[in-house]
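Working notes, structure below.
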Number of protein chains: 2
Amino acid sequence: MTDTGQNPITDQVYKARQFCEDKGARFTLLREKVYALLLEQQGAVGAYELLDTLKLTESNAKPATVYRTLDFLLEFGLIHKIESTNAFVACHHFDCNHPVQFLICDTCGDVKEIQSVGLKDTLDKQAQSVGFRVVNQTIEAHGTCAACQ
Amino acid sequence: MTDTGQNPITDQVYKARQFCEDKGARFTLLREKVYALLLEQQGAVGAYELLDTLKLTESNAKPATVYRTLDFLLEFGLIHKIESTNAFVACHHFDCNHPVQFLICDTCGDVKEIQSVGLKDTLDKQAQSVGFRVVNQTIEAHGTCAACQ
DNA sequence: AAAATTAGTGTTATTATATAACGGTTTGTT
DNA sequence: AACAAACCGTTATATAATAACACTAATTTT
Ligand SMILES: [Zn+2]
Ligand SMILES: [Zn+2]
Ligand SMILES: [Zn+2]
Ligand SMILES: [Zn+2]
C-alpha cells in the first residue's frame, strides 16, 4: 500500500501507518480497518454503528473490539471524539498538532473540523484569568452548514 | 418560601419559581427538589447519582422521573449539561441570557461556569467565516483549578 | 534460538447513560 | 361539569462504555 495520489482514503491510511510506525506504535489491521471506515464516513459515527459496519468483514467484532481500537486511535490523535453526540470522526491533520473545534450540522450531519488557534487561545486566556490551567478543550458548535441554508 | 437573604439555596429556588411562573411554566415539587439537589452539590452530578439522592425522599423515583425533570430544567435554562462528562450543574444566572462555558477541574471535580461573550463571539465568527450558522455552543475546558495547583 | 516480556485480541459479563410507550392523575380552561 | 393539556408512575428497552480474564502475536532479552 503506497501513496499513489490516486485514492485519498488509501493515501490517508498510508500516512497514518507511517505516522504510527514513526512513533513505534503498531498500526494493526484492525486499527487500519476502523480508521479507514471512519475516513469513508461523512460526519461522525457512533461506536455501535461502527461496530455494525466492522462486523461485515470482522464477524467476531464486539463492543470491546471497537472501543479498544478507538482508544488507540484517539490516543495517537488519528481520530477525535465529538462529546455532544458520543460519536467519532477521522482526523486528517494528525501530524500537525492542532487545536480542535467542530462545526456540526444538525440538518445533514456533516462535521467540519476547524483549527482556530485564536479560539483556543481565547479560552486559555479566560481560564488563566481565574487561575485555571487548561489541559484540554472541548469546543463544538451545533447549527446549520452553508449547504443546508 | 420567600427570599429572606438568609439561605442562598432557598433564595435561588425562590428565584427559580418566580422565573418559571413568569413564563407560565409549572415549577412543581419534583422540579424544585431536583433543582435544589443540584444547587446543593458542588461540581456536576450524573443523572443516576442524582436519582439515588432523590430516592431518599422520593422512594418511587425512576430514571424517567429524573430525565424528564432534567429536560424541563434544561429547557428553561435552570441547569446546564456538561457534555464531556454526561453530568448536570445548576445555573445561577438563568434570568440573564448568557453564553455558557465551563472550567472543569479534573482533580477536585469543581465546575466553574464562565460567561465570556468574547469567546462566544469568536466561535460564532469562525463559523460564520465558513458559512456555518451556529445555533448553540458546547465549550468545556478540562484541567486544574486555582485551588488544586 | 529459546525464554521472557510486552502488546494486542477474543470473549463474556456487567455497568452506565438515556429513551419509548402507556396509563393514570393533576391542573387549567371552556 | 366537561374537556384538554401537562405532569407523573411504571415497565421495558435502547444506547454507550468498561471490566476481567484467557489466549495469541510481536518484540526484547538471554
Ligand atoms: Zn484533527
Ligand atoms: Zn448541513
Ligand atoms: Zn448558566
Ligand atoms: Zn480543583
Side-chain angles (χ1 to χ4, degrees), chain A residues 16-17 20-35 37-38 41 43-76 78-89 109 138 140, chain B residues 16-17 20-35 37-38 41 43-76 78-89 109 138 140:
Chain A
R17 151 155 293 115
C20 289
E21 290 178 353
D22 285 356
K23 297 203 164 190
R26 286 159 59 191
F27 195 61
T28 65
L29 189 57
L30 202 49
R31 290 163 181 177
E32 176 179 324
K33 280 191 177 181
V34 169
Y35 182 61
L37 284 178
L38 282 172
Q41 303 285 338
V45 194
Y48 281 75
E49 188 184 341
L50 199 55
L51 174 57
D52 287 340
T53 311
L54 185 62
K55 273 181 179 164
L56 297 177
T57 63
E58 304 281 311
S59 58
N60 54 355
K62 305 272 183 340
T65 315
V66 167
Y67 279 103
R68 272 197 296 235
T69 308
L70 290 173
D71 283 347
F72 171 88
L73 297 172
L74 284 170
E75 185 185 347
F76 283 85
L78 299 176
I79 66 173
H80 300 297
K81 179 175 184 183
I82 314 289
E83 298 290 350
S84 58
T85 57
N86 299 313
F88 303 85
V89 284
T138 298
E140 301 168 6
Chain B
R17 153 155 291 116
C20 287
E21 290 177 353
D22 285 355
K23 297 202 164 191
R26 287 159 57 191
F27 195 60
T28 65
L29 188 58
L30 202 50
R31 289 163 182 176
E32 176 179 324
K33 281 192 177 182
V34 170
Y35 181 61
L37 284 178
L38 282 173
Q41 303 284 339
V45 194
Y48 280 78
E49 188 184 341
L50 199 54
L51 174 57
D52 287 340
T53 312
L54 185 63
K55 273 182 179 163
L56 298 176
T57 63
E58 304 280 312
S59 58
N60 55 354
K62 304 274 181 341
T65 315
V66 167
Y67 278 104
R68 271 197 298 234
T69 307
L70 290 172
D71 283 347
F72 171 87
L73 297 172
L74 284 170
E75 184 184 347
F76 283 85
L78 299 176
I79 65 172
H80 300 296
K81 179 174 185 184
I82 313 288
E83 297 290 351
S84 58
T85 57
N86 299 314
F88 303 86
V89 284
T138 298
E140 301 168 7

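Just so it is clear: chains get the letters A, B, ... in the order the sequence lines come, proteins before strands, and each one is counted from 1.
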By nearest nucleotide on DNA chain C, pick out whichever of Ala64(A) and Ala87(B) is the more 5' one.
Ala64(A)

Kindly point out which of dG10(C), dC8(D), dA17(D) is positioned nearest to the side chain of Thr28(B)?
dC8(D)

Which pair of heavy atoms, one from Arg31(B) and one from Arg26(B), lies closest together, and at what distance?
NH1-O, 2.6 Å

Determine to 10° how strongly the helix from dA1(C)-dT30(D) to dT30(C)-dA1(D) is bent, judged from the axes of its five-pair ends.
30°

Atom NZ of Lys81(B) and atom C1' of dT19(C): how far apart are they, to the nearest Å?
12 Å

Below 4.0 angstrom, which residues in residues 48-63 of chain B have at least one non-hydrogen atom near DNA chain D?
Asn60(B), Lys62(B)

Contact list please: residues 65-72 of chain A against DNA chain C, heavy atoms, distance less than 4.0 Å, in numerical order.
Thr65(A), Arg68(A)

Nearest non-hydrogen partners of Ile79(B) and Leu38(B), listed with the distance
CG2-CD1, 3.6 Å

From Lys81(B) NZ over to Asn86(B) CG, what is the distance, rounded to the nearest 0.5 angstrom?
5.0 Å

Where each residue is assigned the nucleotide of DNA chain D containing its nearest heavy atom, which of Asn86(B) and Arg26(B) is assigned the position nearer the 5′ end?
Arg26(B)

With Glu140(B) via side-chain hydrogen bond (donor to acceptor under 3.5 Å, both in side chains) - residues at least two apart
Ser84(B)

Apply salt bridge (Lys or Arg N to Asp or Glu O under 4.0 Å) to Glu49(B) and list each qualifying residue two or more places apart in sequence or on a separate chain.
none

State, with a plain yes or no, whether a side-chain heavy atom of Phe88(A) is found less than 4.5 Å away from one of Leu73(A).
no

Just how far is it from atom CD of Gln41(A) to atom OG1 of Thr53(A), taken to the nearest 0.5 Å?
5.5 Å

Between dA18(C), dT11(C), dG8(C), spot the one nearest the side chain of Arg31(A), thanks.
dG8(C)

Distance (rounded to the nearest 0.5 Å) between Leu37(A) CG and Leu54(A) CG
6.0 Å

Leu74(B) has an atom CG; how far is it from atom P of dT17(C), in whole Å?
16 Å

To the nearest angstrom, how far is Ile82(B) atom CD1 from dT17(C) atom C1'?
16 Å

Under 3.5 Å, sequence neighbours excluded: what are the donor-acceptor pairs made by side chains of residues 64-72 of chain B?
residue	atom	partner	partner atom	Å
Thr65(B)	OG1	Lys62(B)	N	2.9
Thr65(B)	OG1	Lys62(B)	O	3.1
Thr69(B)	OG1	Thr65(B)	O	2.7

Rounded to the nearest Å, what distance is computed from the CZ atom of residue Phe27(A) to the C1' atom of nucleotide dT27(D)?
20 Å

Measure the spacing between OG1 of Thr138(B) and CD of Glu83(A) and express it to the nearest 0.5 Å.
9.5 Å

Please find the pair of heavy atoms, one from Gly46(B) and one from Ala87(B), that lie closest to each other, and give the distance.
N-CB, 4.1 Å

